[in-house]
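Note that ligands are numbered from 1 as they come in the structure, with each ligand's atoms numbered from 1 the same way. Remember, predicted model here, so these are calculated numbers, not experimental data.
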Amino acid sequence: MIGAVDIGGTKIAVGIVDDLGKVAARVETPTSLLSVYADGIAHIARMLREVVRMAEAELTGIGIGSTGWLFPFTGEFGDVDFFPGWKGCNPVKDLGREFGVQVALENDGDASALGEADWGAGRGKSRLIYVTVGTGIGGGIILDGKLYRGAERAHPEVGHHVIDASGPQCTCGFRGCWEALATGTAMAAWFNSEASAAGRNGVSLSAKEIFQLAQTGDALAQKAVERENYYLGLGIANLINLFMPDMIVLGGSIMKSIRIGDIAKVVSRGCRFVPFERTELALASLGYDANLIGAAAVWHHRFGQIET
Ligand SMILES: [Zn+2]
C-alpha cells in the first residue's frame, strides 16, 4: 500500500492507495493551516500514520503530487505562491527519514496524468494529455507511455500557451494565456464585469452558478457558456495540432458543467491538417480521489513495476 499526499492550494489530502489504484482511507486538512513547513510536514506525517491505522495497512512507499514549482528528482520545493515558507524544503527526504520508505514527488498535473493513464480513462493509451481546469489550468503529457519531461526535467505548462495576445493579463507575464481565459475564475470574471456594465445589479456569480443560469435561458449567461466552450475548445485544438495524442483526458471542477460534444465542435472548426477525429476527448474517470490516486501512481512509476 502506498501513502499518497496531494498538496493543493486549498487543501492537503492524505490517503492510502492499493496497487489497483483504490483509495482505502483518506483524511484532509486546509492548506492555510500548514504555511510553516516544520508544522506542515509534521502534520502530513500524522495524517499518514492515521490513514495507515484506518486501513490497517503496511506502508511500502509514499507518493506526493503537489501544485507549484518543484524539483521531482531532488525532492525540493521551488517558489510556491501559497507556500512561500516551503521554498527549498524537502518533503521527500523528511518523509523518507520519518517512515523509512522511498518517497517520490511530482507536479500534481503530472501525477494525475499518470493516475488516469494507469487506472482511469486513459488506460492503454500511449499518447495521452491530461488537462485539469479549475481555478487554474494544469496538466501532464504522456508520450509513448512515459511522462514527458523537458530540459532540466522541467514540467511543461499547458495552461500558459497564449490564446489571445490582447486578452487579460496572466500571472506568468503574458496576456491571454489559456489559463487567463478558460478557467472557471476567468469565466466568472468576464460574466460579472459584463453584468455590471449592463447595469445588472446583484451578487457576483461563480462559474457553476453561471452554467445554471444559462439553463434558465439567461442570454448573458448563455454567452458566457458559449465563450467558455470556445476558449476551452481552442486550447484543446492547439494541443491536438501540436501533439495529435490518442486521447485528451479532461478533469477539474469546470468539466462537471461542460459537454464534451460542445468542445469537439470547436475543435472540428479548425485542425484541418491533422486527423483530429482520432484524438479521443474523455472526462477524467478517477473522480474526487484523482489527485490521491495520481500521487500513488507517481511512486509506482518511480520505484515500482510501472516504467516511466
Ligand atoms: Zn500565462
Counting only heavy atoms not in F276 (residues, nucleotides, ligands), do more than 12 fall under 6.0 Å from its CZ? yes
Atom CG in L114, atom CZ in R302: separation rounded to 0.5 Å? 9.5 Å
Value for CD1 (I141) from CZ (R149), rounded to nearest 0.5 Å, stands at 12.0 Å
Within a strict 2.8 Å cut-off of the Zn ion (ligand 1), protein N/O/S atoms tallied 4
Roughly how far apart are I62 CD1 and I2 CD1, rounded to 0.5 Å? 9.0 Å
Is there a donor-acceptor contact under 3.5 Å linking the side chains of H300 and D19? no
Relative to the ring of W86, is the ring of Y37 parallel (under 30°), tilted (30 to 60°) or perpendicular (over 60°)? perpendicular
